[in-house]
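Side-chain atoms are counted along with the backbone in the values below, which use heavy atoms only and exclude waters and symmetry mates. For the single chain, residues carry numbers from 1 onward in sequence order.
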Amino acid sequence: MFNLRRLSVLLVSASTLSACATAPQVAVPDAPSFTATTQPATPQPAPVSALVSEVSIPHSGFKLANGLTVIVHEDHKAPVVAVSTWYNVGSKDEPKGKTGFAHLFEHLMFNGSDNLPGDYFEYLQQIGATDYNGTTWFDRTNYFQTVPRSALERALFMESDRMGYLLGAVTQAKLDNQRGVVQNEKRQGDNQPGGLVEYEVLENLFPDGHPYQHSTIGSMSDLDAASLADVKQWFIDKYAPNNAVLVLAGDIDAAEARPLVEKYFGAIERGPVNVPAAADVPTLSASKSIVMKDRVAATEIQRHWAVPGLLSDQRAALDIGASILGGLASSRLDRILVRDEKLAVSVSTGSQPFQRIGMFQVGVTVKPGVDPALVEKRLDEIIADFVANGPTEDEVRRAATQEISGEIRGLEQVGGFGGKAVALAEGQVYAGDSDFYKKTLDRFANVTSADVKAAMQQWLSRPVLAIRLEPGDRPEYRESGFKPKRGKSADIRTPKVKRVLPPLGEPAPLDFPEVQHSALSNGVRVHYAQRTTVPLTQVGLAFDAGFAADAPGRRGLQNLTLSLLDEGAAGRSSQALAEEEERLGARISAGGGADQSSVSMSALSANLGASLDLLADLVQRPDFNPADIDRVRTQVLTAISQQQKDPQDIANRVLPALLYGENHPYGGTQYGNPEAVKSFTRADLASFHQRWLRPDNLEIFVVSNLPLADVRQKLERAFGGWTAPAVPKGVKAFGATPKRALAERIVLIDRPGSPQSYIMAGQVTPVDPRSDVTALNSANDILGSSFLSRINMNLREDKGWSYGVRGTTQINAKVVPYIVTAPVQADRTGDSIRELRKDIRDILTTKGVTSAELDRTIANRMKQLPGQFETSGAVLGAMQSNALLGRPDNYYELLADRYRGQTRASLDAALRSAIDPNGFVWIVVGDAAKVRPQLKALKLPIEEIEPR
């Protein structure tokens, strides 16, 4: 539920520390008012002011007598409504000794209320909710779900029941269980390379007693000490209607909303209003340097300052300054440290704004073999120069364009982590102004280079917190000492109020956009769907390649080739290409899965022509300059080295060869083998490009607000003249389908000191990827893929040994493996495998699908269909999957009837024909000294290997 944001620097890709959602669907007059722009003959980037003028979220609001603030936004593009509830309380409001309470209580809000006994996710699945979760951060706790319009009353009942009628359902057993889940969530984050840096940053950047000095996840000892009386008092003090904002966004209007909200929330009594903890922006008395050690592939250098937060007039200047310094692909640090001087493999800079304060963070991953002291010196010189002289106006405009285009992408969605409901709620909670998003965008549109320079001089000229994270052994982990206490604990009793659960209406059927098919003059097939909600165009170039195109001794060639597409093309440098992309507000990325090599672009439709021209240069005319090859090769090798230290990546790199064999096309990974990557020449890259990334191996997928004729004209100009080279097209070497193992075994990979073990199990199934997998996917919801799955409910919600467990059918073009993943606390590694094996055997033999599981699963899969394709990105992905697997364009519209036809017997048969309980290979990445005795008790063969 809570996403613990780590401050350690990411390898290979530089990124800012803020994120926005991307988006979907059909426009309506009362949806956010965007105006489509006609592309001129000679495309010029749309000005930032024009982009901002197109952004609007019309809404109305009212307040109940009990103080609940309600905001309603109409968007009838899909028959769904986002229900988002924000409480004005976060981890900054926790007193000393009670860190982690806000987040711990968020977990308890999903464990039933007086009139909704059991797990809250049970009820969410009954109504077909999508985009549901809860999150806690320094300044707020929020709960959200997007539901079919027909289930809105039920959703309001559910949200109001846990707001007003929760405490009777909170028990000591639930508290102890969720305490364990949260502590495993903490272990999971802490176990990552660099996972302990955040604590060091907060403790040193903020003085004792400052509300932002402790992390949202809290300390093990404080979580250990949380009592039932403590958490119930937290609810009484913080979870009142007059301390909350409710946003309804989607297929609803204010006239409908008010009586419904009155009906379900009106009787909840007022309570205390949390006055958010006051906090000034602190300044260190002197610069401070800290050296830490951890499992990192290369030294990471970081700089941290406390700066003003969300409500500051300087927020836009700080954000733009961070983008220019190290957030954009064209940033100062990228250009100087990575491209020109080649002292670093990656950089990242971000300004992370909170309600009271913000954090300005700079990170550099040192190139292996380079003296970190030299990099630190150059980093500080570049920062000092930027502070002294500021940015150019062109840098400011490019950064602002990228920022605002990201906001436009996020506003395509009504709910979720970053849609329109979030924009409205955030402004109301933090600023008391639901239109705050608009004022913020106006500031971004009008920020000047002088504004950025002034902000940098004011805040980055102060003493800095410098952290150097070096490869080495981290200190001993501070574990939990919690032991459940016997006997009764202090409690707070509340009278129960009996409420009647409203009925569910019949949901509207999915209306998947019509897919039109065309072709360019050179024969390249084009698949198009129209979504007019926002002025965006999503383009996916799909080449029939993927890492399956890599020969066994050449693993990683596809990835290195794709990584170099934007590093120089048509005679332009990577710097020039990045700057052009930013001016256009486009986002271009390349990557490869098992079966396809993809280049994707999200473009402002106003700039589509120029954006497609840029995309065409990258794909058709890459330069493969030797200096760029060497630089990117180092980045990839460093990334592989980091994967060999991350527990999940270690397992991911090992599993394919164990399932398929070393020589099978699926037997490798995207990043490949480091020895092979070291050997690739420019000729190898050019050869891969000619054999695989070519027009006769390409399909183009488009979702746009523009009509097909307009889109096709621009595609023809950019790609219609592309001709295939004379060399033969590549052919993948698929042979017979690999056989799964005849007996279970364990592969153990030692990772000393790990507080968690990462368990991954897999087997090859006999499932035909092009067959009807409706029954199998539905059955796997019950076994492994949903929150309420048997394995997740067992290890997380019953035992509390894991933050989350999952079983997945991976539908590749040729083979379908079944894979289980389970990060578990180290001392329960053996027990967890034992429980997983039991759950799998039970459902495959004597304890098949129950009637309740069938009803819940089928209802969920049918009702959530309209909400699954709210965004244009989701539509684009569905179109590509359908093409890859030979499905009809209306495949997803056919699913409802297929779901209705399922029975307990059909689900049991599908699962039992696909999975063999004796066919798993179990990978365990953990502290071998701790887990080896546990694994031996399972009486399975154990092989110990090194990371690959």
Ion pair Arg796/Glu185, N-O distance below 4.0 Å: no
Working for side chain to side chain donor-acceptor pair (under 3.5 Å), residues Tyr899 and Asn860: CA-CA 10 Å; Tyr899 291 140; Asn860 180 54; over 6 Å; no
Evaluation steps, side-chain contact (heavy atoms from CB on, under 4.5 Å), between Gln825 and Ser802: CA-CA 7 Å; Gln825 62 193 66; Ser802 176; over 6 Å; no
Note, Val182 side chain near Leu223 side chain (heavy atom, < 4.5 Å): yes
Chi angles and distances behind the side-chain contact (heavy atoms from CB on, under 4.5 Å) call for Lys799, Asp831: CA-CA 10 Å; Lys799 305 295 194 303; Asp831 292 336; over 6 Å; no
Gap separating the CH2 atom of Trp801 from the CG atom of Asn184, nearest 0.5 angstrom: 11.0 Å
Arg270 CZ: over 12 foreign heavy atoms closer than 6.0 Å: yes
Gln183 and Tyr803, any side-chain heavy atoms less than 4.5 Å apart: no
Rounded distance [0.5 Å steps], OG in Ser160 versus OH in Tyr264: 8.0 Å
Parallel, tilted or perpendicular: ring planes of Tyr239 versus Phe105, cut at 30 and 60 degrees: tilted
Pair Ser91, His103: side-chain N/O donor-acceptor within cut-off below 3.5 Å: no
Chi angles and distances behind the side chain to side chain donor-acceptor pair (under 3.5 Å) call for Ser219, His214: CA-CA 8 Å; Ser219 73; His214 66 270; over 6 Å; no
Sub-4.5 Å side-chain heavy-atom contact between Phe101 and Thr99: no
Backbone of Leu196 reached by a side-chain donor or acceptor of Asp190 within 3.5 Å: no
Side-chain donor or acceptor of Asp433 paired with backbone N/O of Gln428 under 3.5 Å: no
Salt bridge present between Arg790 and Glu853 (N-O < 4.0 angstrom): yes
N/O donor-acceptor pair under 3.5 Å between Asp224 side chain and Gly481 backbone: yes
Residues Asp93, Lys238: salt bridge by 4.0 Å N-O rule: no
Side chain to side chain, Leu124 and Met158, heavy atoms closer than 4.5 Å: yes
Shortest non-hydrogen separation from Val824 to Thr829 and the atoms involved: CG2-CA, 4.0 Å
Between Lys498 and Asn115: side-chain donor-acceptor atoms closer than 3.5 Å: no
Side-chain touch Asn243/Pro272, heavy atoms, less than 4.5 angstrom: no
Under 3.5 Å donor-acceptor, Gln192 side chain and Gln188 backbone: yes
Euclidean distance, Lys186 NZ relative to Met220 CE, rounded to 0.5 Å: 5.5 Å
Gln355 versus Pro276, closest heavy-atom pair with distance: OE1-CB, 3.8 Å
Side-chain heavy atoms of Tyr120 within contact of Gln145, under 4.5 Å: yes
Atom pair OG1/CG of Thr171 and Leu108 - distance to nearest 0.5 Å: 8.5 Å
Intermediate values then yes/no, side chain to side chain donor-acceptor pair (under 3.5 Å), Glu198 and Ser215: CA-CA 8 Å; Glu198 179 189 27; Ser215 70; 4.9 Å; no
Student check: side-chain heavy atoms of Val170 and Leu228 closer than 4.5 Å: yes
Short side-chain to backbone donor-acceptor contact, Gln213 and Glu203, under 3.5 Å: yes
Residue pair Ala226 / Leu104: nearest heavy atoms and the distance that separates them: CB-CD2, 3.9 Å
Val261/Leu68 under side-chain contact (heavy atoms from CB on, under 4.5 Å): CA gap, chis, key distance, verdict: CA-CA 9 Å; Val261 175; Leu68 178 66; 4.1 Å; yes
Salt bridge (charged side-chain N to carboxylate O under 4.0 Å, His left out) partners for Lys98, two or more places apart: Asp230
Geometric cation-pi criterion Arg140 and Tyr430, 6.0 Å radius, 45° cone: no
Tyr143 ring center within less than 6.0 Å of Tyr132 ring center: no
Side-chain donor or acceptor of Asn191 paired with backbone N/O of Ser754 under 3.5 Å: no
Polar side-chain atom of Tyr87 near backbone of Val245 as donor-acceptor pair, under 3.5 Å: no
Exam field: side chain Asp251 to backbone Asp75, donor-acceptor pair closer than 3.5 Å: no
Stepwise side-chain contact (heavy atoms from CB on, under 4.5 Å) check, Asp131 with Gln413: CA-CA 10 Å; Asp131 294 318; Gln413 198 169 8; 3.0 Å; yes
Least distance between heavy atoms, Ala421 atom then Gly415 atom: CB-CA, 4.4 Å
Euclidean distance, Asn88 CG relative to Asn274 CG, rounded to 0.5 Å: 5.5 Å
Closest non-hydrogen atom pair, Phe144 against Ser84: CB-OG, 4.0 Å
Worked check of side chain to side chain donor-acceptor pair (under 3.5 Å) between Asp781 and Ser786: CA-CA 5 Å; Asp781 283 354; Ser786 77; 5.5 Å; no
Sidechain N-carboxylate O distance under 4.0 Å for Glu479, Arg187: yes
Ring-face cation of Arg179 near Phe482 (centre distance under 6.0 Å, axis angle within 45°): yes
Heavy-atom pair with the smallest gap, counting every atom of Ile782 and Leu854: CD1-N, 4.4 Å
Test item: Arg154 side-chain N/O and Pro502 main-chain N/O as donor-acceptor pair under 3.5 Å: yes
Min side-chain heavy-atom separation Val231-Phe235 under 4.5 Å: no
Gap separating the CG atom of Leu116 from the OH atom of Tyr165, nearest 0.5 angstrom: 12.0 Å
Phe354 ring center near Trp137 ring center (under 6.0 Å): yes
Under 3.5 Å donor-acceptor, Arg856 side chain and Gln126 backbone: no
Axial cation check for Phe110 ring with Arg162, 6.0 Å and 45° limits: yes
Salt bridge (charged side-chain N to carboxylate O under 4.0 Å, His left out) between Glu153 and Lys263, intermediate numbers included: CA-CA 10 Å; Glu153 275 203 69; Lys263 178 179 179 180; 3.2 Å; yes
